[in-house]
Amino acid sequence: MSHDIFAHLRGRAIAALRLLLPELPEEAFLRVTMEPPREASHGDMSTNAALVIGKAAKLAPPKLAAELAAALAALPEVEEATPAGPGFVNLRLREDYLRAQLPIVLREAEAFGQGAAKPGRVNVEYVSANPTGPMHVGHCRGAVVGDGLAALLAKAGFDVTREYYINDAGAQVQALGWAAYWRYLEALPVASHGLWAEGATPEERKAAVEAAYGTTLQYGGEYLVPVGVALAATHGAGLVPPDTGRLALVRGFTVTAMMAEIREDLALLGVKHDVFVSEAELVAEGKLEQAEALLNSQDLIYRGTLPPPKGKLPEDWEEREQTLFRSEKFGDDTDRPLRKSDGTGTYFANDIANHLHKIERGFDQLVHVWGADHGGYVKRMQAAVAALSNRKVSLDVVLTQIVHVVKDGAPVRMSKRAGSYITLRDLIEEVGRDAVRFTMLTRKADAQMEFDLDLVVQQSRDNPVFYVQYAHARCRSVLRAAGDPSLENLAEAPLDSLTDPAELGLIRRLAAWPRLVEAAAIAREPHRVAFFLNDLASDFHLLWNKGKDDNTLRFIQADAPAATQARLALVAATAAVVRSGLGVMGVTPVEEMR
RNA sequence: GCGCCCGUAGCUCAAUGGAUAGAGCACCAGACUACGAAUCUGGGGGUUGGAGGUUCGAGUCCUUCCGGGCGCGCCA
């Protein structure tokens, strides 16, 4: 694991407090933090220790802060420790200690920031788009956030499994099957089914299928045409007329084809999953009944009726008896139906089966990335996971808000009906995978975001993708000019010459990376990585520009080889941390800008 | 009607319960015979939607009101 200077000095502070207050119980130290102060003039880091344990220790915080400061000032890492404000202790680190972080970064390179292995296993489920068509922009954000979050958790030291739940059961897939069957019929010679006359219009053909089989065709997507053609090529007219078995075959074939497309889309986006779990397979295996039995054994299931929604009643409301799960006992607002009034399972029930499947495979923490329209679904699922795992397994849900795509200052409509549906492929083609991924991570997931197609390809300060890539390219440019020294050699370089505030500031930023990984992972906020990289790039560009004003700050000094080595070490470490961060985001660092 | 999410500078957005709420854009004023100025420096801009509360300390937690988004049995 990487050295985290904040965690390290927090440990030092707690050790000092134990000496000062030997009778204090361990729990008293839990709330002690060591973090960078907002105000840079307060020093490199600051601890609230005297404030949070003053009460337990029966000591006035300012007095305790003074004692702690005296103890910390004696540490080899610390230049100065001063009590401040209501009871903070501010630390200024010794420059030697800061500079000593560079060899650590250089030896670990892209692995720098890796957290210590954490106990337990985490399952991150994301995308889980219905296999009813190609991925669109809405799915894309969830995919990128989920993939970034999974990478972030792994970086922080968690054992992560990335999972995709294929919603291949239920009414939508039924409808998909019919639509594919329609396209199949169209791919056959008319004589093989005789549903319409030769030369019938698309509308007439669609109406003929609906009339002949008493169905409503919801999916009319052009993307199903090749599926129909493939079915016709394989089976000829052998699937006419439709029956239960033939439709199941068509459905299976279509879902497989759609999943192949989705996998291609995911590959284009660079989004990876370790496991694909099929809802239909879970149902077929009887996982639903198993989950139901488990809940029933705890008396969490009953037959009953739900109260009607408050306010205006739906037109067709009538009271029906259903199989209900007592989710209210686990903090939900009401109990929830497991089975519809006709006895078939609800989506919720299938999803309970899905979660039982996860729990059985030994995961301790479940994380989901869902669209914001599933917000109302979170509590009941958490209730179900608590019930199934005897409250041992946690479920966190990260909700991603809508993405508004903007081009030339005007919103781009994404409605399927309007026909101007933006697929993920369109988007990647337009701006590139890296820009898509980076941009999708520059906002908190639960904030709506605007995706400006013009901005993300713009080469300027306003575009964080470019700005960060440019910093890396500049690093590489310097290192190339210096003959690409090895990281091993640079890690041995004497660093005493790094004394400029901009140089030390950059080192401080690099050293903060492990702490950022840890904090962002716990908060499930991968966007923090993007903000960190933007700040890091800013620190580097600043230093670069200082070298323009002051020649002695340029990285390569022809007459000072030792200073040059030190600066190259700094530049190489910067490049390594940028790569480490971009690695979490799944963005490729570039060697040069074009 | 009920539930969930959100409300921070003119705009887009940050801020594990920490000290004087920060960046970028826009606006104004500056810096290159380049290790790529596609960058950088400085400046003005705020009652964190309103009001209470908890806390040594609140943009952050609780209550309530206002405003926006999403959802609300037999869709997934």
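All values below come from the heavy atoms of this structure, side chains included, with hydrogens, waters and symmetry mates left out. Since we're looking at a predicted model, the values are computed, not measured. To find a chain, count down the sequence lines: A is the first, B the second, and so on, and within it residues start at 1.
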Nearest-nucleotide pick for [X], side chain only, options being [options]:
X        : options                : result
A/Arg474 : B/rA19, B/rA14, B/rU39 : B/rU39
A/Phe531 : B/rU39, B/rA14, B/rA76 : B/rA14
A/Ala171 : B/rC75, B/rA15, B/rA31 : B/rC75
A/Asp549 : B/rA76, B/rA31, B/rA19 : B/rA31
A/Pro37  : B/rU39, B/rA19, B/rA76 : B/rA19

If only side-chain N and O atoms count, and only distance matters, is there a donor-acceptor pair under 3.5 Å linking [Y] with [X]?
X        : Y        : answer
A/Thr33  : A/Arg10  : no
A/Thr132 : A/Asn130 : no
A/His42  : A/Arg92  : no

Touch check for [X], heavy atoms < 4.0 angstrom, all strands: base, sugar-phosphate only, or nothing?
X        : value
A/Ala372 : sugar-phosphate
A/Asn130 : sugar-phosphate
A/Ser46  : base
A/Pro61  : nothing
A/Ser538 : nothing
A/Glu518 : nothing
A/Glu321 : nothing

Starting at [atom1] of [X] and ending at [atom2] of [N], how long is that distance when rounded to a whole Å?
X        : N      : atom1 : atom2 : result
A/Met45  : B/rG18 : CE    : C1'   : 16 Å
A/Asn551 : B/rC32 : CG    : C1'   : 12 Å
A/Leu542 : B/rA23 : CG    : C1'   : 14 Å
A/Gln382 : B/rG3  : CD    : C1'   : 14 Å
A/Glu328 : B/rC2  : CD    : C1'   : 13 Å
A/Arg336 : B/rG73 : CZ    : C1'   : 9 Å
A/Leu399 : B/rC4  : CG    : C1'   : 8 Å
A/Arg443 : B/rG24 : CZ    : P     : 15 Å

Residue-phosphate contact under 4.0 Å: [X] side-chain N/O, [N] OP1/OP2:
X        : N      : value
A/His527 : B/rA15 : yes
A/Lys379 : B/rC4  : yes
A/Lys340 : B/rA76 : yes

Practice item. Taking all heavy atoms of A/Ile556 and all of A/Ala481, pick out the closest pair and write down the distance. Key: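 Shortest heavy-atom separation between A/Ile556 and A/Ala481 comes out as CD1-CB, 3.9 Å.
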Practice item. Can you see which heavy atom on A/Lys546 is nearest to which on A/Ala502, and at what distance? Key: CD-CB, 3.7 Å
Can [X] and [Y] be counted as an ion pair, charged N to O under 4.0 angstrom?
X        : Y        : value
A/Lys118 : A/Glu518 : yes
A/Asp484 : A/Arg476 : yes
A/Arg336 : A/Asp332 : yes

Point to revise | A/Trp544 side chain reached by A/Leu553 side chain, heavy atoms, under 4.5 Å | key: no
Rounded to whole angstrom, note down the [atom1] distance from [N] over to [M].
N      : M      : atom1 : result
B/rG45 : B/rU8  : C1'   : 14 Å
B/rG42 : B/rC6  : P     : 34 Å
B/rG1  : B/rA21 : P     : 38 Å
B/rA34 : B/rA19 : P     : 44 Å
B/rG43 : B/rG24 : P     : 11 Å
B/rU63 : B/rU20 : C1'   : 30 Å
B/rG18 : B/rG50 : C1'   : 25 Å
B/rG59 : B/rU47 : C1'   : 13 Å

Check your understanding: Can you check whether A/Tyr377 stacks with the B/rG71 base, using ring centres under 5.5 Å and planes within 30°?
Key -> no
Output one line per pair: protein atom, nucleotide atom from nucleotides 56-63 of chain B, and distance, for all N/O pairs under 3.5 Å.
| residue | atom | partner | partner atom | Å |
| --- | --- | --- | --- | --- |
| B/rC56 | OP1 | A/Lys55 | NZ | 2.9 |
| B/rG59 | O6 | A/Arg38 | NH2 | 2.9 |

Side-chain donor or acceptor of [X] under 3.5 Å from a matching atom on the base of [N]?
X        : N      : answer
A/Thr346 : B/rA76 : no
A/Asn90  : B/rA19 : yes
A/Arg320 : B/rC74 : yes

Exercise for review: Determine the stems involving RNA chain B; a stem requires 3 or more consecutive pairs of the Watson-Crick or G-U wobble kind, each with both distances below 3.5 Å, and the answer is none if no such run exists.
Suggested key: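 Stem list for RNA chain B: B:1-7 with B:66-72, B:10-13 with B:22-25, B:27-31 with B:39-43, B:49-53 with B:61-65.
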Check your understanding: So, A/Phe540 versus A/Phe555, ring centres under 6.0 angstrom or not?
Key ->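 Between A/Phe555 and A/Phe540, which both carry aromatic rings, the centre distance is below 6.0 Å.
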Exercise for review: Step through it carefully: locate the ring centre of A/Tyr165, locate the ring centre of A/His368, and say whether they are under 6.0 Å apart.
Suggested key: no
Check your understanding: Want to settle it: does A/Ala84 or A/Tyr347 sit nearer the 5' end of RNA chain B, counting the closest nucleotide to each?
Key -> A/Ala84
Exercise for review: Could you pick out which residue, A/Arg528 or A/His42, lies toward the 5' side of RNA chain B when each is mapped onto its nearest nucleotide?
Suggested key: A/Arg528
Review point. Testing A/Leu506, A/Leu490, A/Leu543, A/Leu479 for side chain to side chain contact (heavy atoms under 4.5 Å, CB included) with A/Val571, which one passes?
Key: A/Leu479
Revision key, fill the gap. For A/Arg509, the salt bridge (charged side-chain N to carboxylate O under 4.0 Å, His left out) test, sequence neighbours excluded, returns A/Asp535, A/Asp539
